[in-house]
Amino acid sequence: MESLQVQVQEESILIEKVCQIYEKLSKLETLKPSKDVDNLFTQLVHACIPHSSINIANLPANIQEIRSKLIRLCGEAEGLLEAHFSTILGSFKNPLHHLNIFPYYSNYLKLGRLEYDILNQHYSTTSGTPKRVAFVGSGPLPFTSIVLASYHLKDTTFHNYDIDSTANSMASRLVSADHDLSKRMVFHTADIMDVTDQLKDYDVIFLAALVGMNMDEKNKVIQHLAKYMAPGAILMLRSAHGARAFLYPVVDPNVLHGFNVLSIFHPDDDVINSVVISRKFVEPVNIDNNYLHLDIGSLMASSCKYCDIQPFNHPLAHMKMIDESM
């Protein structure tokens, strides 16, 4: 009973802190990088990083509304931060030689290694590594694609999708001077919901955390991908767990209809995002009245391995994750 009371008290303190930060953020004239903006988001991240057993789904409606608005503020701020540094990097003759000016570049190096290791555990094909990868919501600073293409998937072509043509123009400028990446990084300006048959061309698709800012929006994107991705293709998603769900939308593995959830990694250090890896079923999937169902009925329940990945052998401590925003 005492431990339960302590838990309730800790959750109340957390919610109060988050709400206070939200109120301050919502009153700012702009979320462009500045001392005030950086300070408030640092406070928010530090409040949400520690382990918490809080269940976001059980929060009252008014707190749910604040959480939803806060996630959108986080997305806007990340987009502005990335655009700011993409503009600076784009002024260099070879921007890729100066990526370390971005304050969280080392975090992306670690995240790239983490996601590559997770992918490598589950990706299997006679042709070896993935040949074509898509990143949905790549933004003006597509660090995930750059890191994976530069260090881990050196023969893979990366197709980056973003709805914002300006973001794609800025991102393209970063790799245009590089002889290798300029040939292997392709940028598409499109709403992913309008992309159909092209999705069958990709061995792996990454879905950025802030594509689909709430559960309904994200579920629609996932259903769309399930309809058009190639059978057997891998879908990598970024989610959030515990108090970190105040910062990013949560991907419920139970809504991944048409996919076999292979594993889920919930970090317990400074990495904010959880990583969900799934594989599209090889069996046909029918779409009827905008709802997905499988011809094979109970296969989802019988084959889904819902488990945490054990820590890898590379350091992840002291990592602050800033995700591609769109």
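Numbering of residues begins at 1 and proceeds along the displayed sequence.
Residues Val18 and Ile15 form no side-chain contact, since every pair of their non-hydrogen atoms from C-beta on lies 4.5 Å or further apart. At a threshold of 4.5 Å between non-hydrogen side-chain atoms, the residues Asp36 and Asn39 do not count as touching. For the pair Tyr116 and Val147, the minimum side-chain heavy-atom distance is 4.5 Å or more. When side chains are defined from C-beta on, Val133 does not count as touching Asp203, because their heavy atoms never get closer than 4.5 Å.
Every residue meeting the ring-ring contact (aromatic ring centres under 6.0 Å, His included) condition with Tyr202, not counting sequence neighbours, appears here in chain and number order: His159. Residues that satisfy the side chain to side chain donor-acceptor pair (under 3.5 Å) test with Arg184, not counting sequence neighbours, are Asp180.
In this structure, Val261 is a member of the same hydrophobic cluster as Val221, with clusters built from ILVMFWY side-chain heavy atoms closer than 4.5 Å.
Remark: Lys220 NZ is loosely packed, at most 12 non-hydrogen atoms of other residues, nucleotides or ligands lying under 6.0 Å away. With a 6.0 Å radius and a threshold of 12 heavy atoms from other residues, nucleotides or ligands, Asp155 has its CG atom at or below the threshold. With a 6.0 Å radius and a threshold of 12 heavy atoms from other residues, nucleotides or ligands, Gln9 has its CD atom at or below the threshold.
At distances below 3.5 Å, at least one donor-acceptor pair connects side-chain atoms of Ser150 with backbone N or O atoms of Ile146. Using a distance-only test at 3.5 Å, with no hydrogens or angles considered, no donor-acceptor pair links the side chain of Arg279 to the main chain of Asn260. Of the possible polar contacts, none joining the Asn168 side chain to the Phe187 backbone as a donor-acceptor pair under 3.5 Å is found. For the pair Ser274 (side chain) and His266 (backbone), a donor-acceptor distance under 3.5 Å is absent. When atom types are taken as modelled, the side chain of Lys218 and the backbone of Val211 share a donor-acceptor pair closer than 3.5 angstrom. With hydrogens and angles ignored, the 3.5 Å screen pairs a side-chain donor or acceptor of Arg67 with a backbone N or O of Ala245. Judged purely by atom type and a 3.5 angstrom limit, Gln64 uses its side chain to pair as donor or acceptor with the backbone of Ile56. With hydrogens and angles ignored, the 3.5 Å screen pairs a side-chain donor or acceptor of Thr156 with a backbone N or O of Pro130. Within the 3.5 Å criterion, the main-chain N or O of Ser138 finds no donor-acceptor partner in the side chain of Asn160. Distance alone, capped at 3.5 Å, is enough to place a donor-acceptor pair between the Ser278 side chain and the Leu235 backbone.
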- Query: Does the pair Glu10 and Ser52 meet the rule for a side-chain hydrogen bond (donor to acceptor under 3.5 Å, both in side chains), with working shown?
  - Reply: CA-CA 9 Å; Glu10 290 177 347; Ser52 173; over 6 Å; no

- Item | CA sep, side-chain torsions, deciding dist, call: Asn214, Asp216, side-chain hydrogen bond (donor to acceptor under 3.5 Å, both in side chains) | CA-CA 6 Å; Asn214 58 47; Asp216 289 339; over 6 Å; no

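The two residues Lys227 and Lys280 come nearest to each other via the heavy atoms O-NZ, 3.7 Å.
The OG atom of Ser34 sits 11.0 Å away from the CG atom of Leu81 when rounded to the nearest 0.5 Å. Between atom OH of residue Tyr248 and atom CG of residue Leu210 there is a gap of 6.0 Å, rounded to the nearest 0.5 Å. Summarising the geometry, atom OH belonging to Tyr228 is positioned 5.5 Å from atom OG1 belonging to Thr196; distances are rounded to the nearest 0.5 Å.
For the ring pair (Phe, Tyr, Trp, His ring centres under 6.0 Å) with Phe143, the qualifying choice from Phe85, Phe206, Phe102 is Phe102, the only one to do so.
Electrostatic pairing of Asp197 and Lys200 counts as a salt bridge here, judged by a charged N lying under 4.0 Å from a carboxylate O. Salt bridge annotation for Glu65-Lys69: present, with a cationic side-chain nitrogen under 4.0 angstrom from a carboxylate oxygen.
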Could you pull out all donor-acceptor pairs under 3.5 Å where a side-chain atom in residues 88-96 meets a protein atom, sequence neighbours excluded?
| unit_1 | atom_1 | unit_2 | atom_2 | d |
| --- | --- | --- | --- | --- |
| Ser91 | OG | Ile88 | O | 2.5 |
| Asn94 | OD1 | Leu96 | N | 3.3 |
| Asn94 | ND2 | His97 | NE2 | 3.4 |

